[in-house]
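Worksheet: one structure, shown below.
Treat the numbers as computed from the prediction; the structure is a model and nothing was measured.
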Amino acid sequence: KKSTELGEQWKKGIPIEVVPMAYVPVMNKLRSFGLDPVLRMAQNKAGPVVTDNSNFVVDAKFSGPHNWDVLETKLLRTPGIVETGLFVGYASVAYFGMEDGSVSVLQKPVL
């Protein structure tokens with residue numbers, strides 16, 4: 001979603017892939033980072049969502065801005081966390097499909 005700040009329109013939190021046996025300590029660690037983690041539950045089966053790699057998905061809600069580079073580094077260095085949905089610094093251009101069928105292009109500013 002196009003917004004000026006992360007979380008301005010997306011309210012479900014940062015998706016984080018977590019090894020099942022590390023689920024409880026990871027949840028505690030996420031809370032210590034100022035996040036509000038919630039285990040994503042499946043809609044059409046009993047239990048949590050399970051990834052192709054047999055891991056759980058935790059949605060880590062946040063309030064207010066964070067230093068996203070630092071937070072992503074902390075998350076990826078946390079034992080039990082496989083991947084995050086932040087992807088800080090990966091893209092130099094973003095494409096947004098508009099309701100009228102056109103495409104809006106946003107370039108990463110050159111510093």
Side-chain angles (χ1 to χ4, degrees):
K1 302 224 182 245
K2 189 174 184 178
S3 58
T4 56
E5 291 290 329
L6 183 63
E8 184 176 70
Q9 295 183 42
W10 180 255
K11 303 294 184 192
K12 296 181 182 181
I14 304 163
I16 300 173
E17 186 175 358
V18 177
V19 175
M21 66 185 251
Y23 159 68
V24 172
V26 165
M27 296 290 275
N28 292 333
K29 191 67 164 177
L30 293 174
R31 286 185 195 97
S32 79
F33 293 155
L35 302 172
D36 180 21
V38 176
L39 181 63
R40 188 182 296 177
M41 299 306 286
Q43 299 298 314
N44 296 320
K45 70 172 191 80
V49 169
V50 178
T51 68
D52 291 343
N53 295 321
S54 301
N55 295 318
F56 292 162
V57 176
V58 170
D59 293 310
K61 297 179 182 181
F62 55 92
S63 59
H66 284 268
N67 183 330
W68 301 113
D69 293 337
V70 172
L71 180 61
E72 184 178 44
T73 299
K74 285 181 180 179
L75 292 172
L76 293 174
R77 290 183 178 171
T78 301
I81 291 181
V82 178
E83 189 59 81
T84 78
L86 282 175
F87 306 110
V88 174
Y90 281 69
S92 58
V93 63
Y95 299 92
F96 299 92
M98 308 309 284
E99 288 183 10
D100 65 1
S102 66
V103 176
S104 172
V105 180
L106 180 64
Q107 298 281 341
K108 182 177 182 180
V110 178
L111 301 175

Are [X] and [Y] side-chain neighbours, meaning at least one heavy-atom pair lies under 4.5 Å?
X: Pro15; Y: Arg40; result: yes
X: Val18; Y: Asn55; result: no
X: Val58; Y: Val26; result: no
X: Glu83; Y: Asn53; result: no

If you round to the nearest 0.5 Å, how far is [atom2] of [Y] from [atom1] of [X]?
X: Asp36; Y: Met27; atom1: CG; atom2: CE; answer: 8.5 Å
X: Asp59; Y: Leu35; atom1: CG; atom2: CG; answer: 11.5 Å
X: Leu39; Y: Ile16; atom1: CG; atom2: CD1; answer: 12.0 Å
X: Met41; Y: Phe56; atom1: CE; atom2: CZ; answer: 8.5 Å
X: Asn28; Y: Tyr23; atom1: CG; atom2: OH; answer: 9.5 Å
X: Ile81; Y: Leu75; atom1: CD1; atom2: CG; answer: 5.0 Å

Glu72 side chain to Leu86 backbone, donor-acceptor under 3.5 Å: no
Backbone N/O of Lys74 and side chain of Thr78: donor-acceptor pair under 3.5 Å: yes
Exercise: identify the closest heavy-atom pair between Ala22 and Pro79: CB-O, 4.5 Å
Can you see which heavy atom on Ser54 is nearest to which on Pro20, and at what distance? O-CG, 3.3 Å
Same cluster (ILVMFWY, side-chain, under 4.5 Å), Val49 and Ile14: no
Linked, directly or transitively: Val24 and Leu30 (ILVMFWY side chains, under 4.5 Å): yes
Identify, with sequence neighbours excluded, every residue that meets ring-ring contact (aromatic ring centres under 6.0 Å, His included) alongside Tyr90. Phe87
Apart from Val38 itself, its cluster of hydrophobic side chains linked below 4.5 Å comprises none
Side-chain donor-acceptor contacts of residues 100-111 below 3.5 Å, not counting sequence neighbours, with atom names and distances?
unit_1: Asp100; atom_1: OD1; unit_2: Ser102; atom_2: N; d: 2.9
unit_1: Asp100; atom_1: OD1; unit_2: Ser102; atom_2: OG; d: 2.6
unit_1: Ser104; atom_1: OG; unit_2: Lys2; atom_2: NZ; d: 3.3

